[in-house]
Amino acid sequence: MKPVILAGGTGSRLWPKSRAALPKQFLSLTSDKTMIQDTVQRLDGIESLPPSIICNEEHRFLVAEQMRQINVDNSDILLEPVGRNTAPAIALAAFQAMEDGGDPVLLVLAADHLIQDSETFQLKIKEAQALAEQGKLVTFGIVPTQPHTGYGYIKAGNKLNIGFDVSEFVEKPDMPTATKYVNSGEYFWNSGMFMFKASAFLKALEAHAPEIYTTCKKAIEKTEKDLDFVRINEEIFASCPSDSIDYAVMEKTSEAAIVTLDAGWSDVGSWSSLWETGDKDENGNVTTGDTLLEGTKNSYVNAEHSLVAVIGLEDVVVVETKDAVMVANKKNAEHIKTVVNRLKAEKRPEFEFHREVFRPWGSYDSIDNGGRFKVKRITVKPGEKLSVQMHHHRAEHWVVVSGTANVTIGDETQMLTENESVYIPIGAVHALENPGKIPLELIEVQSGAYLGEDDIVRFSDRYGRSDK
């Protein structure tokens, strides 16, 4: 068995925590691990091959670092040059899984789901694997806890030795219809998790979505290996139709089967779903971080950076980050996407980035800024190096707070330690490296007429980001 983790989502309904550059699958929302780490570790104890992870190009270093943190170093990380929905993504993983002549059973999981009962989940995986070995295309149907209009439904058909045949897939219903489905006992939430042999999926894809099959087959033949990553040919893959596995294959195949799952599942699709699955106090509140609630009921409050006090409110969501605060009525939490779309249209940085931005070499936190200056706290991991670069519009002053820095300006290299500083003039080619065994922390003061992140020319870069 080979797990395939789909990690390309944006999670916009969980703004301001989840943003384009750091979406929800890379955040710690339901445990002390990130959601993608929980997804992988949930399989501990099941005999399987290393996971194949499919993500966007811009998230590649996040995936690699978060897998390194949980000692998953042999994972295949497939980089989608453009998003084309789940059917093409899974096709890429299936073709790659068969490259060495094997034909493993693929367990397809989203990177951003919550499953509270891992033991039951693992038992259901074994049931599904037995069906998949017989050539079935298995989907996991969640036993509904209540009528819900936010999920698609699957109707179970004829009983099999394990599970059921799929009778039909149903789009998200209105509340009366959802209530009827739940009361019947025949309908289950569509989880978006699947299990099948790689060859069985590709055979069905070729029959029902031949253009996706052909395009992905060509794209996987033109891959390039780059560090931990497998780069898919952009020109070929961009021509692939965009379609979900449900529409492209599962609704059309006669081999679809369903295994039911009752294991505390949630797709964590909104702040209200985190309230539903969270541990509540005596007033029905779920809180994270430094919070103080007075006369408040049935609310979700998440504080990241500051004390958040909520007084005399009911059924609200309050989320605070270093650079944004979001307050919503819980029943309107789904409408956050409208705010995110406005941020994107207005080109506000809060759409894409947090104040603290992660890079393959470490991170930086923009702690202050004005008309002609910006102050950052920069952390460089041991042994890492920023690109050799220059800026047209800004000068920089670096002050080392802790650790050791190798600083190159032009043809000269110098070593700086705690409380030492250096000045980089406008236009000077420079580089920063941490040669030590502990993180390097420094304060960077930028000054100039333009301080945008796009004022950077990279001459060489160990992470493949060079402009020259």
Side-chain angles (χ1 to χ4, degrees), residues 21-22 26-28 32-34 37 58-73 227-228 304-306 321-323 353-370 373-391 394-448 451-453 455-466:
L22 190 66
F26 306 116
L27 300 175
S28 302
D32 58 351
K33 294 284 195 297
T34 68
Q37 289 173 332
E58 55 267 32
H59 298 148
R60 65 194 188 280
F61 293 113
L62 281 170
V63 173
E65 171 63 16
Q66 293 197 1
M67 291 302 100
R68 184 198 65 77
Q69 290 172 1
I70 59 172
N71 299 314
V72 179
D73 297 325
L227 301 175
D228 294 326
E304 175 184 290
H305 184 249
S306 304
T321 67
K322 289 181 179 179
D323 62 348
F353 295 108
H354 286 268
R355 203 183 79 177
E356 185 175 10
V357 177
F358 293 91
R359 292 288 187 245
W361 44 261
S363 64
Y364 67 83
D365 187 357
S366 299
I367 57 180
D368 197 8
N369 65 85
F373 77 92
K374 182 181 288 186
V375 182
K376 292 181 177 180
R377 185 180 67 214
I378 296 176
T379 302
V380 184
K381 294 182 288 189
E384 299 298 337
K385 180 181 180 180
L386 281 67
S387 58
V388 178
Q389 58 185 254
M390 61 88 71
H391 312 292
R394 73 174 184 254
E396 295 174 340
H397 194 149
W398 294 343
V399 181
V400 176
V401 176
S402 65
T404 304
N406 259 354
V407 178
T408 300
I409 304 175
D411 296 327
E412 295 186 6
T413 298
Q414 57 185 304
M415 185 173 288
L416 302 179
T417 58
E418 214 167 290
N419 292 325
E420 294 182 327
S421 64
V422 68
Y423 174 73
I424 300 101
I426 291 176
V429 177
H430 59 282
L432 173 65
E433 182 177 9
N434 179 2
K437 301 295 185 182
I438 64 172
L440 162 66
E441 292 197 10
L442 58 83
I443 299 298
E444 174 183 271
V445 181
Q446 302 177 3
S447 59
L451 304 174
E453 292 299 326
D455 179 22
I456 180 170
V457 179
R458 294 186 177 95
F459 295 93
S460 65
D461 181 71
R462 64 174 58 174
Y463 311 108
R465 304 172 300 165
S466 177

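In this text, all values refer to a predicted model and were calculated from it rather than measured experimentally.
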| said: What verdict does the side-chain contact (heavy atoms from CB on, under 4.5 Å) test give for Thr404 and Met415, after you've listed the backbone C-alpha separation in whole Å, the side-chain angles of each residue and the deciding distance to 0.1 Å? | reply: CA-CA 7 Å; Thr404 304; Met415 185 173 288; 3.5 Å; yes
| said: Working to the nearest 0.5 angstrom, can you tell me the gap between Phe26 CZ and Gln37 CD? | reply: 10.5 Å
| For His430, ring-ring contact (aromatic ring centres under 6.0 Å, His included) partners two or more places apart | His391, Trp398
| query | What closest approach, in Å, do Gly436 and Pro382 show between heavy atoms, and which atom pair accounts for it? | reply | O-CB, 3.4 Å
| Side-chain donor or acceptor of Lys33 paired with backbone N/O of Ile70 under 3.5 Å | no
| query | Going by an N to O cut-off under 4.0 Å, is there a salt bridge joining Arg394 and Glu453? | reply | no
| remark: Between the CD1 atom in Ile424 and the NE2 atom in His397, the distance rounded to the nearest 0.5 Å is 8.0 Å
| message | Quick check for you: to the nearest 0.5 Å, what is the distance between Gln446 atom CD and Glu396 atom CD? | response | 5.0 Å
| field | Distance in Å, Ile367 CD1 paired with Lys374 NZ, rounded so as to fall on 0.5 Å steps | value | 12.0 Å
| said: Quick check for you: to the nearest 0.5 Å, what is the distance between Trp361 atom CH2 and Tyr463 atom OH? | reply: 9.0 Å
| request: Dump the intermediate steps for salt bridge (Lys or Arg N to Asp or Glu O under 4.0 Å) on Glu384 and Arg462, then the final yes or no. | output: CA-CA 9 Å; Glu384 299 298 337; Arg462 64 174 58 174; 3.8 Å; yes
| message | Taking the side chain as everything from C-beta on, heavy atoms only, tell me whether Lys381 gets closer than 4.5 Å to Arg359. | response | no
| Lys376 with Asp368: basic N within carboxylate O range, under 4.0 Å | no
| query | What's the shortest heavy-atom distance between Val380 and Asn434, and which atoms? | reply | O-ND2, 3.0 Å
| task | Please step through side-chain contact (heavy atoms from CB on, under 4.5 Å) for the pair Thr408 and Thr413, ending with a clear verdict. | result | CA-CA 4 Å; Thr408 300; Thr413 298; 2.9 Å; yes
| message | Under a 3.5 Å distance rule, please check whether Asp365 uses its side chain to pair with a backbone N or O of Arg377 as donor and acceptor. | response | no
| said: Which heavy atom of Val400 sits nearest to which heavy atom of Ala405, and what is that distance? | reply: CG2-CB, 4.1 Å
| query | Quick one: are Tyr364 and Thr379 in side-chain contact, heavy atoms under 4.5 Å? | reply | no
| Would a 4.5 Å heavy-atom cut-off, applied to side chains only, mark Leu442 and Val399 as touching? | no
| query | Would you say Val445 and Tyr423 make side-chain contact, with heavy atoms under 4.5 Å? | reply | no
| Crowded around Arg355 CZ? As in, over 12 foreign heavy atoms under 6.0 Å? | yes
| field | Gap between atom NZ of Lys385 and atom CG of Asp461 - 0.5 Å precision | value | 9.5 Å
| Going through the distances and angles, do Val422 and Gln414 end up as a side-chain contact (heavy atoms from CB on, under 4.5 Å)? | CA-CA 9 Å; Val422 68; Gln414 57 185 304; 3.5 Å; yes
| query | Between His59 and Ala21, which heavy-atom pair has the shortest distance, and what is it? | reply | CD2-O, 3.8 Å
| note | When every non-hydrogen atom of His354 is compared with those of Val357, the smallest separation belongs to O-CG2, 3.4 Å
| field | Polar side-chain atom of Asn369 near backbone of Phe373 as donor-acceptor pair, under 3.5 Å | value | no
| said: Between Glu65 and Leu62 (side chain of the first, backbone of the second, donor and acceptor by atom type, cut-off under 3.5 Å), is there such a pair? | reply: no
| said: Using a strict threshold of under 4.0 Å (side-chain N to carboxylate O), is an ion pair present between Glu356 and Lys322? | reply: yes
| message | Distance alone, cut at 3.5 Å: any donor-acceptor contact between the side chains of Gln66 and Thr34? | response | yes
| task | Take Val401 and Asn419 through the test side-chain contact (heavy atoms from CB on, under 4.5 Å) and record every step on the way to the result. | result | CA-CA 6 Å; Val401 176; Asn419 292 325; over 6 Å; no
| request: Determine the minimum heavy-atom distance between Glu418 and Ser402, stating which atoms define it. | output: OE1-CA, 4.0 Å
